[in-house]
2 protein chains.
Amino acid sequence: MATIYQVAERAGVSLSTVSRVLNGRKTVNPLLREKVEKAVQELNYRPSSVARSLANSRTDSIGVLVAELHTPFFGEMMQAIEMTLRAQDKHVIISVGHNDLAKELDAVEFLISRNCDALILHSEAMSDQDLVALQSRLPVSIINRHVKELDEACFCLDNESGGYSATRHLIEQGHKDIAYISGPGNKADAMLRLAGHKRALQEAGIPFSPESLYEGRFKEEDGINGLKALLAKDIKFSALVCANDWMASGAMSCARDMGLQLPEDLSIVGFDDVVIAHHVYPKLTTVSNPIYEMGEMAAKHILNKVYGQKHQLQHLYDAEMVLRDSVLSASPD
Amino acid sequence: MATIYQVAERAGVSLSTVSRVLNGRKTVNPLLREKVEKAVQELNYRPSSVARSLANSRTDSIGVLVAELHTPFFGEMMQAIEMTLRAQDKHVIISVGHNDLAKELDAVEFLISRNCDALILHSEAMSDQDLVALQSRLPVSIINRHVKELDEACFCLDNESGGYSATRHLIEQGHKDIAYISGPGNKADAMLRLAGHKRALQEAGIPFSPESLYEGRFKEEDGINGLKALLAKDIKFSALVCANDWMASGAMSCARDMGLQLPEDLSIVGFDDVVIAHHVYPKLTTVSNPIYEMGEMAAKHILNKVYGQKHQLQHLYDAEMVLRDSVLSASPD
DNA sequence: GTTTTTATGGAAAGCGCTTTCTAAATCTGA
DNA sequence: TCAGATTTAGAAAGCGCTTTCCATAAAAAC
């Protein structure tokens, strides 16, 4: 591999001149510039990004922390990040945290030890304080979580309004008795979605009953257990909203196992519009989660912050209804 | 950030000694070693991976090329790769090729310009020659594709035997009239799966009829169009095998749209055991694709080749039946 | 007790680039 | 025409490590 010295020699100029040409500095004689470019061509010279990083203490690499990768949600996020970053010649180093505090911290340290210029995080285990502390070490973007002190760096879905839309949609279809399977009480997004649900009920003058609420942990089996528990109670409901699609899918299998016809006997709406939403039967009506855009914005935020670019940023994202086949209009009784 | 100089100074030893301690060389006095370790602790020193890379021309980074990321298949592969590599303190740089030759080549050059020590590829667009040429530039692992000249570096599913198993399973359940929706004719894996199907038929003395074959391109809509086309023909079949789960899912919705009961009127088997297989209705009987293991092995191959480790390698993977609810025993007519 | 080995630590030369500083060359204006 | 301002190019000093080579001290051999 040719080095910058050889280019300089071949072009009959000094190191510095080659470097200037390579970095597009204006102050170089067009004649020399041409010579250098010719030499670069002839030697098929490619600057060493490592040497460059050492010299200017920038690696052009961005670390991304995700909870896991085998899930389409994160895949989409990663793809958005990779595409927008590579277009600017930056590269992304991935690291998975498995939703575990120790592992997440470990992953972050790993990324930092790799001299990343910045980090993009989708963390559930780290505390707000951890994130604030991190931000003081290097620039970060935070996806799908709002940290007050890090307002600028956060890119979130409007979970409350999403939750609102979901049950609002059901109400508009004539449903009055609506059960809810929520995510864990310690997760902000889960609680916001639930809050939206309550607001929609209230607005329609329907009292919220804790009886018709089941708290799950966002897993498929929580959908199964949740619906089972709900059905066992002495309550009636013609519709169910699940705080994510996985639980909705679980609820669907459970419903069928219990002999219910879908969507005739029970309307279901999910949340996130993950790939499976389109493949379950009946196809799931759900709430979109524009993770692709969020990933893109998180990347652009880094581009602005670290590399002096000027992209327009959007921090809060609307959750929109994706209408499919799992909701039926309630027949007036 | 502390440098190695400061550690040396604080420990009262030379640079070289610190470096030796850091790299676990044996030839260093335990007393000094201890001093150095103490200094490292106190200064919270972390070696700069960039400087290290420049000095020993290894970056400890492995580039991974995938067709796309938003699909669970690649996600699982990535996760396997990341986990096994990070355990050895290597990091992975991702790059997506979008199944397009120019983009794949571009992505590869990008990765190389990043001074990756090696590459792991899941490429469909590049030619065998491209791959061979690449191998001569730096070590590679190839997932899900067999290149004769690169035998050592390939980690593949036994597609033929998978195709065989799928059809064989149907035959064992009493099916005789089995339609097949295949992947594109120019893809080796698609053709191998089909070959397995034919072998199973032949073994059972069932003649293969081109009439009952539809060639798709591995997309959901191909499943829809495929089944539609098959049903329109003047043939009977009680079972259908689809060369991947996406087409199987498509075929399922199509079947239902055409008023067929699943699995009573039509048994379906898929291929790959992608997440959705578990969420469609009825749950899809399919053929496993141990992509996780393959990713792990591809990573270990690099570990062996570049970093002198000695992992046991497996190159060919069995495809196993995953029995769920989409296949019914055929009633003998 | 002297010579030969062996173990161990330090000095210094890179690795391939960026960037500051200086010097030479060119240009300005009176 | 000349002092001063302005360009432009080169020399050299890092960036933070690894590693070779050499020197010294300790151990072994005679």
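A, B, ... follow the sequence lines: proteins, then strands. Residue 1 opens every chain.
- Relative ring orientation between A:H122 and A:F73 is described as perpendicular, the plane-to-plane angle rising above 60° on a 0-90° scale split at 30° and 60°.
- Distances shorter than 4.0 Å separate some side-chain N or O of A:S14 from OP1 or OP2 on D:dG10.
- Between the P atom of D:dT7 and the CZ atom of A:R33 lies a distance of 16 Å, rounded to the nearest Å.
- Salt bridge A:K305/A:D117: absent, no basic N to carboxylate O contact under 4.0 Å.
- The nearest whole Å value for the distance from the CZ atom in A:R52 to the C1' atom in C:dT19 is 13 Å.
- Contact annotation for B:L32: backbone-only contact, meaning every heavy-atom pair under 4.0 Å involves sugar-phosphate atoms and none involves a base.
- The aromatic rings of B:H91 and A:F110 lie perpendicular to each other, with more than 60° between the two planes, well past the 30° mark.
- Among the protein residues, B:V50 comes within range of no part of the nucleic acid, since none of its heavy atoms lies under 4.0 Å from any strand.
- For the helix from C:dG1-D:dC30 to C:dA30-D:dT1, the end axes, each set by the C1' atoms of five terminal pairs, are bent relative to each other by 40° (nearest 10°).
- Cation-pi geometry between B:K187 and B:F218 is not met: the NZ or CZ atom fails to fall both under 6.0 Å from the ring centre and inside 45° of the normal.
- A salt bridge does not link B:D60 to B:R52: none of the charged nitrogens lies less than 4.0 Å from a carboxylate oxygen.
- Distance CG (B:N29) to P (D:dT24): 19 Å, rounded to an integer number of Å.
- The shortest distance between the side-chain N/O atoms of A:Y45 and the OP1/OP2 oxygens of C:dC17 is below 4.0 Å.
- A salt bridge does not link A:K38 with A:E34: none of the charged nitrogens is closer than 4.0 Å to a carboxylate oxygen.
- Distance A:I4 CD1 to C:dC17 P: 5 Å, rounded to the nearest Å.
- A donor-acceptor contact under 3.5 angstrom links the side chains of A:D272 and A:N289, judged on distance only.
- Distance CD (A:Q6) to C1' (C:dG16): 11 Å, rounded to an integer number of Å.
- Salt-bridge formation is detected for the pair B:E109/B:R137: a Lys NZ or Arg NE/NH1/NH2 atom is positioned less than 4.0 Å from an Asp or Glu carboxylate oxygen.
- Atom CG in B:L54 sits roughly 9 Å away from atom P in C:dC17 (whole-Å rounding).
- Nucleotide C:dT18 holds its C1' atom 14 Å from the CG atom of A:D60, rounded to whole Å.
- No side-chain donor-acceptor contact under 3.5 Å links B:E296 and B:T84.
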Return the polar atom pairs (N/O with N/O) between nucleotides 19-22 of chain D and the protein under 3.5 Å, or none.
{"residue": "D:dT19", "atom": "OP2", "partner": "B:R25", "partner atom": "NH2", "Å": "3.0"}

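- For A:K26 and D:dA9, the NZ to P distance is 14 Å, given to the nearest whole Å.
- Here B:T3 does not reach the OP1 or OP2 of D:dG16: none of its side-chain N or O atoms lies under 4.0 Å away.
- Scanning both residues, B:R114 and B:S61, for their nearest heavy atoms gives O-OG, 4.4 Å.
- The side chain of A:P47 lies closest to C:dC17 when the candidates are C:dG10, C:dC17, D:dG10.
- Positionally, the nearest nucleotide of DNA chain C for B:V13 lies more toward the 5' end than for the other of B:V13 and B:A51.
- Comparing B:G12 and A:R46 by the nucleotide of DNA chain C whose heavy atom lies nearest to each, the residue mapping closer to the 5' end is B:G12.
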